[in-house]
Amino acid sequence: MSGSKSVTRSSSRPPENGASPRGRYWRPLALSLASGAVFAVLFYLWGRELFPRAAGRWGGTFPFVGAVALTLAVALFLSEWFGFAGREVRKARLAARDFLFLCSLALLLFFAAKAVIDLLAEIPALGRGVPTRVYAYLIPLPAFAMVVRVLINSETSILFTVAASVLSAAAASGSWPVLLFLLLSGTAGAGRARRVPDRYRMLMVGVQTAPVCALAAVALEFSFHGGGGVMWAGIFGAVNGLLSGPIALAVMPVAESAFGYASDIRLMELSGAGHPLLSRLMLETPGTFHHSVMVGTLAEAGALAIGANPVLCRVAALYHDIGKLGKAQYFSENQAGAANVHDAMSPGLSSAVILSHVKEGVRIAGEFRLGDRITEIIAQHHGTSLLYCFLDKARPMIQDRKASEEMFRYPGPKPKTREAAIIMLSDATEAAVRSLDHPTPQEVDVTVTGIVNRIYLDGQLNECDLTLRDLHAVGRAISQVLAAVAHGRVDYPDAGKGAVG
Ligand SMILES: [Fe+2]
Ligand SMILES: [Fe+2]
């Protein structure tokens with residue numbers, strides 16, 4: 001385990017975990033190739049304007065050669081910058097689709113910067129009283145930096161802001177004030193987009209960013225060019241900030257659909273009881289639905305205790321056991337009052353049915369496009385833990401070499417993020433406390449501590465950024481919530497140690 005500061009979202013992304021819905025890679029790849037072609041054409045068209053001296057020297061061949069050279073140079077810059085960050089910055093390990101997304105966004109901003117300046121220069125009413133240089137204060141970098149923070153994380157949004165500032169400043173004549181303004185406004189936008197659970201909050205982030213952008217534009221304009229364009233610089237800076245919310249809200253659904261991201265806004269939409277999967281869970285597996293709601297409450301409390309993402313924890317918990325749909329009777333939480341079907345099954349067959357709910361959950365999540373953040377948590381919520389109840393039953397068979405311990409182990413992977421780890425802890429503790437008969441708060445606390453220690457000692461938390469302090473804080477938060485609700489429990493006499501979360 002390693003130390004970690006409070007961050008918006010743990011970003012150690014599992015490179016490959018079998019959780020990917022089909023099309024996760026080919027879609028962004030096709031998109032990036034298409035974007036590359038579009039950018040090359042745009043470079044071709046604007047090549048003369050961007051590099052007039054080179055155009056003069058190369059004559060008629062410049063547009064083509066210049067477009068290829070510029071595309072290569074920009075691609076090289078972005079791949080070196082994000083490649084280095086992805087390898088070396090611990091919280092910014094970038095998957096292939098993150099890399100493609102960031103490059104596409106940076107290039108899009110490059111041309112947006114060029115378009116903003118060119119289009120405004122065409123408006124005669126503006127041209128008379130406004131110096132052309134102040135148009136650069138309208139480059140929508142704050143909006144893009146906000147999108148990156150909301151969809152990936154804070155570290156990546158800063159890396160993106162630096163790369164996109166350099167590129168966009170180059171597109172806007174490459175002057176120092178523009179570069180400084182873009183660095184400052186992008187950081188201001190990203191810095192205020194910490195928790196964005198709904199559209200209103202996103203608009204408010206823009207409103208809060210506006211005064212910073214206006215002040216920065218006024219200060220930079222005054223210090224580099226005197227008082228001539230100060231008023232317009234301030235107005236354009238403020239407008240840039242105010243528009244960043246609506247622009248981010250327009251860009252996010254496209255990014256979510258094309259690259260498979262799930263913002264907190266999307267997660268909040270998924271948490272509504274009207275979602276077909278939650279409706280099915282409620283009607284077909286009411287025990288599992290109740291368990292999932294409880295796990296969500298525990299996980300949210302755990303996330304709040306350590307500064308992890310409570311929205312992700314609560315919503316992912318609601319969906320973590322969707323793989324049980326269609327097999328309700330095999331899981332203890334749905335067996336209240338009925339015979340235990342596992343009594344008539346071999347331990348091997350029982351464990352195969354129980355273990356399959358993880359893989360099936362990942363499949364259903366892909367089918368319903370729940371997004372990678374939820375899908376990864378579904379895949380990781382049991383890690384590589386053992387199904388102890390059936391393992392104990394199968395001990396004689398294992399001794400006779402008719403079965404192996406591996407048959408009773410979940411396939412993994414282990415939790416890669418703090419949120420996935422919190423859900424694993426909430427899931428296991430909820431299942432264990434559910435099996436207690438009217439427990440006292442002390443009994444709940446002892447049970448939760450025992451489960452947390454078992455998961456830690458089993459090495460299930462070895463691949464996520466949870467400190468020992470975090471682990472204790474999460475355990476304490478879960479214990480408090482469970483103790484408060486435990487007195488109203490229904491008895492589950494057969495669940496015990498082997499209750500399956
Ligand atoms: Fe569960
Ligand atoms: Fe589960």
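Because the structure is predicted, anything quoted here is derived from the model rather than measured. Whatever order the structure lists ligands and atoms in, that order sets their numbers, starting from 1.
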J.: Measure from the ring center of H291 to the ring center of H320 and say whether it is less than 6.0 Å.
T.: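 Centroid distance H291-H320: below 6.0 Å, so yes.
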J.: What residues, two or more places apart in sequence or in another chain, satisfy side-chain hydrogen bond (donor to acceptor under 3.5 Å, both in side chains) together with Q460?
T.: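 So Q460 forms a side-chain hydrogen bond (donor to acceptor under 3.5 Å, both in side chains) with T384, D458.
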J.: Are I354 and F331 close enough that some pair of their side-chain heavy atoms sits under 4.5 Å apart?
T.: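 Of all side-chain heavy-atom pairs linking F331 with I354, at least one is under 4.5 Å.
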J.: When you draw lines from the Fe ion (ligand 2) to NE2 of H357 and to NE2 of H382, what angle lies between them, to the nearest 10°?
T.: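 Vertex at the Fe ion (ligand 2): approximately 90°.
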J.: Measuring from atom CD1 of I322 to atom NE2 of H275, what distance do you get when rounded to the nearest 0.5 angstrom?
T.: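 NE2 of H275 is found 8.5 Å from CD1 of I322.
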J.: Nearest 10° is fine: what angle sits at the Fe ion (ligand 1) between NE2 from H291 and OD1 from D427?
T.: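 Computed angle, vertex at the Fe ion (ligand 1), rounded to 10 degrees: 80°.
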J.: Quick check on the Fe ion (ligand 1): does H320 put an N/O/S atom closer than 2.8 Å to it?
T.: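 Within the cut-off used here (under 2.8 Å), H320 does place an N, O or S atom near the Fe ion (ligand 1).
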J.: With the Fe ion (ligand 2) as the reference point, give the N/O/S atom of D321 that is nearest.
T.: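 Of all N, O or S atoms in D321, the Fe ion (ligand 2) lies closest to OD1.
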